[in-house]
Amino acid sequence: MSLLVVLPSYLSLGSSLSFPNSEIPQVSISITSSLAQNSLCAFALNLAVFLLVGKTSALTMNVAGVVKDWLLIAFSWSVIKDTVTPINLLGYGIAFLGVAYYNHAKLQALKAKEVEKKATQVDDESGKLLEEKSAEKSSDN
């Protein structure tokens, strides 16, 4: 970590920066490739968040974060054998109820939107039928 702080200083100050024992830090390829991989992962994560929020909403992203937290807690409890207290369980239960309510409300809103869309389609079709009938009556007269 200190290499990441010292290296830019060394590059900008040149020979005026002194190191103990006159050793010049060398950046190995493994550190560079590790930084490049980390940067690519961070970019991919930010792109995924951007696309998810663009398609859904910020609230959906927060709910997904809660689910991610549950998975991390389950992993730490089952694999690492971390302790879970009754207060923790109460908090997880409240969070679960919140996510369940959010999903229920979102599902109800989608169903209401579908019903409204079907009603609009039926109104449009009946309006066309009425127009056709009135056109036929006016042509008969």
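Throughout, residue positions are numbered sequentially from 1 according to the sequence presented. Small disclaimer: the values here were computed from a predicted structure and weren't measured.
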Pairs flagged by ring pair (Phe, Tyr, Trp, His ring centres under 6.0 Å) wherever residues 47-71 is involved - sequence neighbours left out: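 Sorted result for residues 47-71: W70-F96.
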
Return the OG to CG distance between S57 and N62, rounded to the nearest 0.5 Å.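 Result: 8.5 Å between the selected atoms.
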
More than 12 heavy atoms of other residues, nucleotides or ligands under 6.0 Å from CD of Q108: yes or no?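 More than 12 heavy atoms, drawn from other residues, nucleotides or ligands, come within 6.0 Å of this atom.
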
Taking transitive links into account, so neighbours of neighbours count too, which hydrophobic residues share a cluster with [X] at under 4.5 Å side-chain distance?
X: L97; value: none
X: I94; value: L90
X: L107; value: none

Side chains of V49 and M61 in contact at under 4.5 Å (non-hydrogen atoms):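 In short, these two side chains touch, coming nearer than 4.5 Å.
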
Got a sec, which pairs hit side chain to side chain donor-acceptor pair (under 3.5 Å) with one end in residues 83-102, sequence neighbours left out?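 Residue pairs passing side chain to side chain donor-acceptor pair (under 3.5 Å), neighbours aside: T60-Y102, T85-N88, Y102-K106.
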
Considering residues at least two apart in sequence or located in another chain, which fulfil the side-chain contact (heavy atoms from CB on, under 4.5 Å) criterion with A64?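 Checked A64 against side-chain contact (heavy atoms from CB on, under 4.5 Å); zero matches.
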
Name all residues meeting the ring-ring contact (aromatic ring centres under 6.0 Å, His included) criterion together with W77; count only those two or more places apart in sequence or in a different chain, and write none if there are none.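 Once residues adjacent in sequence are excluded, W77 has no partner under the ring-ring contact (aromatic ring centres under 6.0 Å, His included) criterion.
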
Same apolar cluster (I L V M F W Y, side chains within < 4.5 Å links), I80/I73: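 The answer is no; the residues belong to distinct hydrophobic clusters.
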
